[in-house]
Peer 1: 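Right, I'll just put the structure down here and ask away after.
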Amino acid sequence: MRKTQSPQTIVLDFSSPNIAKPMHVGHIRSTLLGSCLSRLHRLIGNKVISDNHIGDWGTQFGKLLLGWKKHLDEASLKQDPIGEMERLYKLVNAATEEDEAVLEAARAELVKLQAGDAENLEIWRQMVKLSQSQFDTLYSRLGISFDYTLGESFYNDNLKGVVEDLKTKAIARESEGAYVVFFDNIPELASNPAIIQKRDGAFNYATTDLATLAYRVENWKPDQILYVTDGRQQLHFKQVFTIFNRWKGNAKVKLEHIWFGTILGGDGKPFKTRSGEVIKLSDLLDEAEERALAVVSEKNPDLPEDTRKNIARVVGIGAVKYADLLPSRQSDYQFNWDKMLAFNGNTAPYLLYAYARIRSIFRKSQEEFSYSFEPDSIEENQLLFTAPQELTLAKHLFSFGIILEQVAEDSRPNILCNYLYDLAGLFASFYENCPVLKASEPEKLSRLTLCHLTAKVLRMGLETLGLETLEEM
RNA sequence: GCGCCCGUAGCUCAGUUGGAUAGAGCAUCUGCCUUCUAAGCAGAGGGUCUUGCGUUCAAAUCGCAACGGGCGUACCA
């Protein structure tokens with residue numbers, strides 16, 4: 001595998017959770033896909049700037065502020081900040097539906113916040129801080145980090161200028177009291193104008209995204225910006241990209257919306273709890289680890305508890321990640337615990353097992369056979385293909401680089417998943433048919449080399465997908 | 001209405017820069033553990049690739065149309 005000859009700077013926009021709300025299943029595809037693409041591009045030699053565009057500004061803060069001031073429960077805020085903020089929001093939201101005065105009060109809080117009121121800003125900062133620490137806990141559990149976390153609020157001061165600029169350049173014009181961009185020359189968008197300033201003077205997400213885009217282009221000078229979001233936002237990004245190109249026609253940046261489908265429950269409808277609530281990401285990961293622990297304990301009860309728990313963590317989290325990256329990105333997929341934690345089929349446990357089996361061979365080679373294998377001394381010409389399985393495996397190994405390029409080109413990690421599944425299958429076949437440690441030289445060295453290369457590729461591939469590997473399971 | 005996506009084995013899905021007998025897992029059936037982890041391997045059965053027309057030496061794949069489903073579509077993001 002070679003690094004790319006012409007490294008590109010790529011901005012990756014993904015995850016983007018909202019302040020004062022728990023991260024839930026709706027965030028996992030963006031988060032996992034985005035972080036996978038981020039690792040992949042770094043691996044093949046591109047420069048990646050990952051930016052978490054968190055939802056830290058917007059109309060919901062009027063209700064939140066009102067709730068915070070009137071109904072805050074300090075104790076539960078300490079115990080479960082997100083839960084408490086969520087409770088406050090729901091409480092006020094329900095009250096606004098019955099009482100117009102409450103709605104007015106919430107609006108007033110929002111106006112104060114936007115005008116820079118010191119008290120409201122301070123509360124807002126606390127809400128952001130509390131939320132961010134919850135996000136960090138989850139990101140660390142998932143092994144994900146960002147280069148930047150510049151939320152919507154970061155661009156507040158630029159929004160007015162964006163609209164002014166678009167007005168003076170005659171890209172936007174007044175319509176029904178709002179400022180709007182029309183796309184009459186583009187048949188696809190002709191009946192879908194984009195509002196950049198609402199009738200009440202407020203800005204919306206198109207405006208924020210334009211300001212964000214301008215900032216990124218100006219400060220990071222990227223060759224590409226990839227937005228990893230839900231497929232339902234296709235129209236929005238078409239509009240924003242089109243406006244941006246009219247606005248900054250000279251910017252040579254490739255803008256791409258990497259969209260994905262919905263996660264469905266077993267009933268084929270969007271994945272929810274039985275009572276219709278969204279499923280919290282933390283609960284989902286807990287359940288994954290619990291289920292994995294039950295299986296590991298059943299299969300391998302003799303391992304110490306700590307070891308089993310660690311295996312369960314890697315397998316459980318890995319299973320969720322793998323199940324999310326395996327389906328073709330644009331299609332909806334059904335979330336299914338039994339399937340993702342199965343040992344048969346294209347699953348994380350199957351791949352991790354293949355890796356652990358190889359590692360076991362090398363442990364044995366040292367412990368029982370006192371055989372030292374030096375990975376540094378590998379030469380391709382020491383490979384012997386006496387059994388057909390060896391040749392098939394070797395051929396597959398050498399196509400790894402091409403696969404990575406293809407995955408990067410199309411932003412489709414499922415290609416890598418399928419490649420690794422094939423690899424693990426070919427290895428399993430080799431493993432059954434070709435004894436390694438009991439072979440004699442020079443076959444033994446050749447087979448150990450194949451094992452080593454398989455482990456290396458499996459590990460690189462799995463790590464690119466975001467999975468940890470295990471020495472034993 | 002318009003736009004985007006989808007329709008492949010009983011089920012869940014791969015296969016989308018056109019290429020040989022269309023693949024996997026589950027489910028059903030048959031073998032293989034005193035041999036490097038059987039969380040595995042070897043094998044069997046199961047498909048008019050929604051339908052029709054077209055392009056091509058060649059179509060699950062490209063084009064058009066129909067039927068069926070999901071989503072989006074001016075002041076949420």
Side-chain angles (χ1 to χ4, degrees), chain A residues 16 18 26 53 55 57-60 152 175-182 187-209 229-236 238-239 257 259-262 264 266 268-270 295-296 298-300 311 315 326-336 338-339 341-354 356-365 367-369 389 406 409-410 412 414-415 417-418 421-422 424-425 427-439 444 447-448 451 472-473:
Chain A
S16 314
N18 294 313
H53 191 65
W57 201 254
T59 49
Q60 75 272 27
E152 291 169 358
S175 170
E176 297 175 30
Y179 279 92
V180 183
V181 178
F182 289 91
E188 214 182 327
L189 295 177
S191 58
N192 297 96
I195 289 176
I196 56 164
Q197 185 169 21
K198 301 195 284 187
R199 201 176 320 173
D200 64 4
F203 307 108
N204 62 8
Y205 72 135
T207 332
T208 313
D209 275 354
T229 81
D230 197 280
R232 285 172 293 195
Q233 293 182 42
Q234 285 176 89
L235 176 61
H236 166 69
K238 271 181 198 159
Q239 292 174 330
H257 181 206
W259 62 271
F260 52 83
T262 310
L264 307 173
K269 291 181 182 158
V295 180
V296 174
E298 187 204 335
K299 297 280 180 191
N300 237 332
I311 292 171
V315 171
L326 174 64
S328 174
R329 157 163 72 75
Q330 284 148 336
S331 56
D332 299 343
Y333 78 92
Q334 289 200 9
F335 193 92
N336 185 323
D338 293 334
K339 243 173 139 168
L341 286 165
F343 317 109
N344 304 322
N346 198 346
T347 66
Y350 180 80
L351 296 179
L352 293 171
Y353 176 62
R357 273 174 136 185
I358 302 174
R359 298 303 303 154
S360 172
I361 290 176
F362 284 101
R363 269 200 307 280
K364 274 230 159 82
S365 81
E367 288 165 13
E368 288 181 24
F369 293 75
Q389 289 86 356
Q406 199 187 339
E409 178 63 32
D410 302 340
R412 292 165 54 118
N414 72 309
I415 295 171
C417 294
N418 289 325
Y421 177 56
D422 289 341
F427 177 78
S429 187
F430 159 82
Y431 182 91
E432 296 289 330
N433 290 286
C434 307
V436 178
L437 296 174
K438 285 174 183 161
K444 184 176 186 175
R447 288 180 176 173
L448 275 166
C451 287
E472 61 174 344
M473 63 185 280

Peer 1: Hey, does A:Ala178 reach any base, or is it just sugar-phosphate, or nothing, if we go heavy atoms under 4.0 Å?
Peer 2: base
Peer 1: Roughly how far apart are A:Lys444 NZ and A:Cys434 SG, rounded to 0.5 Å?
Peer 2: 15.0 Å
Peer 1: Quick test: give all pairs of protein nitrogen or oxygen and nucleotides 67-73 of chain B nitrogen or oxygen below 3.5 Å, distance rounded to 0.1 Å.
Peer 2:
{"from": "B:U73", "atom 1": "O2'", "to": "A:Asn192", "atom 2": "ND2", "distance (Å)": "2.5"}

Peer 1: Which one is paired to B:A74, where only Watson-Crick or G-U wobble pairs with both distances under 3.5 angstrom count?
Peer 2: none
Peer 1: Check the distance between B:C6's P and A:Phe260's CZ and give it to me in whole angstrom.
Peer 2: 16 Å
Peer 1: Are any non-hydrogen side-chain atoms of A:Leu264 and A:Pro270 less than 4.5 angstrom apart?
Peer 2: yes
Peer 1: Expressed in angstrom and rounded to an integer, what is the separation of A:Asn418 atom CG from B:U16 atom P?
Peer 2: 10 Å
Peer 1: Under 4.0 Å between a side-chain N or O of A:Lys299 and OP1 or OP2 of B:U37?
Peer 2: no
Peer 1: Starting at the 5' end of RNA chain B and moving along, which residue's nearest nucleotide shows up first, A:Gln406 or A:Pro435?
Peer 2: A:Gln406
Peer 1: Ignoring backbone atoms, test whether A:Ser331 places a side-chain nitrogen or oxygen under 4.0 Å from the OP1 or OP2 oxygen of B:A14.
Peer 2: yes
Peer 1: In whole Å, measure the gap between the P atoms of B:C49 and B:C62 for me.
Peer 2: 16 Å
Peer 1: Could you tell me how far apart A:Leu351 (CG) and B:A39 (C1') are, to the nearest whole angstrom?
Peer 2: 12 Å
Peer 1: Quote, to the nearest angstrom, the C1' distance that separates B:A22 from B:G46.
Peer 2: 14 Å
Peer 1: Checking base pairs now: Watson-Crick or wobble, both atom distances under 3.5 Å. What partners B:C13?
Peer 2: B:G23
Peer 1: Determine the contact category for A:Glu176: base if any of its heavy atoms lies under 4.0 Å from a base atom, sugar-phosphate if only primed atoms, P, OP1 or OP2 are that close, otherwise nothing.
Peer 2: base
Peer 1: Of all the choices, B:A38, B:A74, B:C36, which nucleotide is nearest to the side chain of A:Tyr353 once you look at every atom?
Peer 2: B:A38
Peer 1: Is any side-chain heavy atom of A:Asn300 less than 4.5 Å from a side-chain heavy atom of A:Glu472?
Peer 2: no
Peer 1: Nearest to the side chain of A:Ser429 - B:A14, B:A42, B:G40?
Peer 2: B:A42
Peer 1: Which nucleotide in the list B:A14, B:U12, B:A38 gets nearest to the side chain of A:Pro327?
Peer 2: B:A14
Peer 1: N/O contacts under 3.5 Å, protein versus nucleotides 43-45 of chain B?
Peer 2:
none

Peer 1: I'd like the C1' distance from B:A24 over to B:A9, given in whole Å.
Peer 2: 11 Å
Peer 1: Please find the pair of heavy atoms, one from A:Val436 and one from A:Cys451, that lie closest to each other, and give the distance.
Peer 2: CG2-SG, 4.0 Å
Peer 1: Closest nucleotide of RNA chain B for A:Pro193 versus for A:Leu326: which of these residues is on the 5' side?
Peer 2: A:Leu326
Peer 1: When the C1' atoms of B:A38 and B:C33 are considered, how many whole Å apart are they?
Peer 2: 6 Å
Peer 1: Atom CG of A:Asn300 and atom C1' of B:A38: how far apart are they, to the nearest Å?
Peer 2: 13 Å
Peer 1: To the nearest 0.5 Å, tell me how far A:Leu437 CG sits from A:Glu368 CD.
Peer 2: 8.5 Å
Peer 1: For A:Asn346, answer base if it contacts any base atom (sugar-phosphate contacts may also be present), sugar-phosphate if it contacts only those atoms, and nothing otherwise; contact means non-hydrogen atoms under 4.0 Å.
Peer 2: nothing
Peer 1: Quick one: does A:Arg329's side chain have a donor or acceptor within less than 3.5 Å of a partner on A:Asp410's backbone?
Peer 2: yes
Peer 1: Using O4'-C1'-N9-C4 for purines and O4'-C1'-N1-C2 for pyrimidines, with syn meaning within 90° of 0, is B:C33 syn or anti?
Peer 2: syn
Peer 1: Which base, if any, makes a Watson-Crick or G-U wobble pair with B:G47, both distances under 3.5 Å?
Peer 2: none
Peer 1: Using a 4.0 Å heavy-atom cut-off across all strands, classify A:Arg412 as base, sugar-phosphate, or nothing.
Peer 2: base
Peer 1: To the nearest 0.5 Å, what is the distance between CE on A:Met473 and CZ on A:Arg359?
Peer 2: 15.0 Å
Peer 1: Using a 4.0 Å heavy-atom cut-off across all strands, classify A:Glu472 as base, sugar-phosphate, or nothing.
Peer 2: base
Peer 1: Could you measure between the two P atoms, the one in B:A59 and the one in B:G54, and give it in whole Å?
Peer 2: 13 Å
Peer 1: Touch check for A:Ser360, heavy atoms < 4.0 angstrom, all strands: base, sugar-phosphate only, or nothing?
Peer 2: base
Peer 1: Taking the ring centre of each residue, are A:Tyr350 and A:Tyr353 less than 6.0 Å apart?
Peer 2: no
Peer 1: Would you say a side-chain N or O of A:Lys198 is under 4.0 Å from OP1 or OP2 of B:C76?
Peer 2: yes
Peer 1: Select base, sugar-phosphate, or nothing to describe what A:Phe427 touches, counting heavy atoms under 4.0 Å on all strands.
Peer 2: nothing
Peer 1: I need the CG-P distance between A:Asp410 and B:U17, as an integer number of Å.
Peer 2: 8 Å
Peer 1: Using whole Å, what does the distance between atom C1' of nucleotide B:C75 and atom CD1 of A:Ile195 come to?
Peer 2: 4 Å
Peer 1: Just by modelled atom types, is the A:Thr262 backbone N or O under 3.5 Å from a matching donor or acceptor in the A:Asp332 side chain?
Peer 2: yes
Peer 1: Tell me what A:Cys434 touches on the nucleic acid: a base, only sugar-phosphate, or nothing, going by heavy atoms under 4.0 Å.
Peer 2: base
Peer 1: Searching all strands shown, indicate the nucleotide that pairs with B:G54 (Watson-Crick or G-U wobble; both distances under 3.5 Å).
Peer 2: B:C62
Peer 1: Check whether any side-chain heavy atom of A:Thr347 sits under 4.5 Å from a side-chain heavy atom of A:Leu352, and report yes or no.
Peer 2: no
Peer 1: Separation of A:Tyr431 atom OH from B:C32 atom P, in whole Å?
Peer 2: 20 Å
Peer 1: To the nearest Å, give me how far apart CZ (A:Arg329) and P (B:C4) are.
Peer 2: 17 Å
Peer 1: Check this one for me: any side-chain N or O of A:Asn414 less than 4.0 Å away from OP1 or OP2 of B:G15?
Peer 2: yes
Peer 1: For B:C5, take OP1 and OP2 only and decide whether either is under 4.0 Å from a side-chain N or O of A:Tyr333.
Peer 2: no
Peer 1: Under 4.0 Å, heavy atoms only, any strand: does A:Ala356 hit a base, just the sugar-phosphate, or nothing?
Peer 2: base
Peer 1: Which nucleotide in the set B:A77, B:C41, B:A39 lies at the smallest distance from any side-chain heavy atom of A:Glu152?
Peer 2: B:A77
Peer 1: If pairing requires Watson-Crick or G-U wobble contacts with both distances under 3.5 Å, which nucleotide is the partner of B:C32?
Peer 2: B:G40
Peer 1: Taking N and O atoms by type only, does the side chain of A:Ser175 place a donor or acceptor under 3.5 Å from a partner on the base of B:A74?
Peer 2: yes
Peer 1: Within this structure, what is the CD-CD distance for the pair A:Gln239 and A:Glu188, rounded to the nearest 0.5 Å?
Peer 2: 10.5 Å
Peer 1: Under 4.0 Å between any heavy atoms, over every strand shown, what does A:Thr59 touch: base, sugar-phosphate, or nothing? Just pick one.
Peer 2: nothing
